[in-house]
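This report concerns only the one structure given below.
Keep in mind the model is a prediction, meaning the values are calculated, not measured.
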Amino acid sequence: MNSKKVSEVLGVSVDTLRYYERVGVIPPVKRDKNGYRNYRDKDLNWIFLAKSLRGAGMSIESMIDFASLAQSNEDVTAAQKEVLHEQMEQLDKKFAELEKTRQILKYKIDTYDDHLAKFKSGEMNSDNVEQMWKMAEFKTTEKD
């Protein structure tokens with residue numbers, strides 16, 4: 001499969017495909033007798049993985065490390081797995097942060113009309129507001 005077709009199938013620009021190969025995010029792609037890249041299924045798997053990991057926030061450097069390990073002649077499965085575990089831990093932290101923010105947004109949406117009414121009636125003002133950071137459901141811990 002040529003670069004243009006891979007670009008269409010995976011939603012990655014041709015420039016990104018070339019960049020990923022040039023810097024080592026994906027292993028080198030075989031070329032045909034005319035020097036054109038000839039992507040195979042294993043190449044598409046690498047590109048799909050790279051696109052997914054990048055979308056999840058993995059650094060280019062970590063992606064290069066992972067791809068370099070895959071091209072090693074030594075047994076590097078433990079090292080590769082560790083790179084993936086580290087990324088999973090980062091994603092879990094990000095999900096926790098997003099869920100906390102989602103809960104705050106839901107609370108604000110659910111109580112929006114009530115808060116407006118309290119401000120309009122004078123029950124709340126800029127000096128007398130709820131203290132969200134003290135509310136049990138939003139309280140931060142030392143780990144946050």
- Task: Report whether Ile104 and Leu116 are members of the same hydrophobic cluster (ILVMFWY, side-chain heavy atoms less than 4.5 Å apart, transitive linking).
- Result: no
- Query: Distance from His115 atom NE2 to Asp110 atom CG, nearest 0.5 Å?
  - Reply: 11.0 Å
- Measure the CD1-CG distance between Ile64 and Leu69 for me, rounded to the nearest 0.5 Å. 12.0 Å
- Query: Do any N or O atoms from the side chain of Thr111 and from the backbone of Asp114 form a donor-acceptor pair under 3.5 angstrom?
  - Reply: no
- Message: For the CD atom of Gln87 and the CG atom of Asp92, what is their distance to the nearest 0.5 Å?
- Response: 10.0 Å
- Check whether any side-chain N or O of Asn2 sits under 3.5 Å from a backbone N or O of Asn38 as a donor-acceptor pair, and report yes or no. no
- Heavy-atom closest contact (Met135 atom, Glu130 atom, distance): SD-OE1, 4.3 Å
- Examine Tyr20 and Val9 and state if one hydrophobic cluster contains both, with Ile, Leu, Val, Met, Phe, Trp and Tyr joined whenever side-chain heavy atoms are less than 4.5 Å apart. yes
- Query: With a 4.5 Å heavy-atom cut-off, do Ser52 and Phe48 have their side chains touching?
  - Reply: yes
- Query: Side-chain heavy atoms under 4.5 angstrom apart, residues restricted to Ile, Leu, Val, Met, Phe, Trp, Tyr: same cluster for Ile60 and Val14?
  - Reply: no
- Message: Does anything in residues 42-59 form a salt bridge (charged side-chain N to carboxylate O under 4.0 Å, His left out)? List the pairs, not counting sequence neighbours.
- Response: Arg40-Asp43
- Item | Cluster overlap Val23 with Val6, hydrophobic side-chain contacts below 4.5 Å | yes
- Query: Between Trp46 and Tyr39, does the ring centroid distance fall short of 6.0 Å?
  - Reply: no
- Message: Rounded to the nearest 0.5 Å, what separates atom CD1 in Ile26 from atom CG in Leu49?
- Response: 11.0 Å
- Note on the structure: dist Asp41:CG -> Met1:CE (nearest 0.5 Å) comes out at 7.0 Å
- Item | Phe119/Val129 under side chain to side chain contact (heavy atoms under 4.5 Å, CB included): CA gap, chis, key distance, verdict | CA-CA 9 Å; Phe119 273 98; Val129 296; 3.8 Å; yes
- Message: Please report the interatomic distance CD(Glu21) to CD1(Ile47), rounded to the nearest 0.5 Å.
- Response: 8.5 Å
- Item | Side chain to side chain, Lys100 and Glu97, heavy atoms closer than 4.5 Å | no
- Side chains of Asp15 and Tyr19 in contact at under 4.5 Å (non-hydrogen atoms): no
- Do the side chain of Ser7 and the main chain of Ser3 share a donor and acceptor less than 3.5 angstrom apart? no
- Any link between Met63 and Met88 through a network of hydrophobic side chains (Ile, Leu, Val, Met, Phe, Trp, Tyr) touching at under 4.5 Å? no
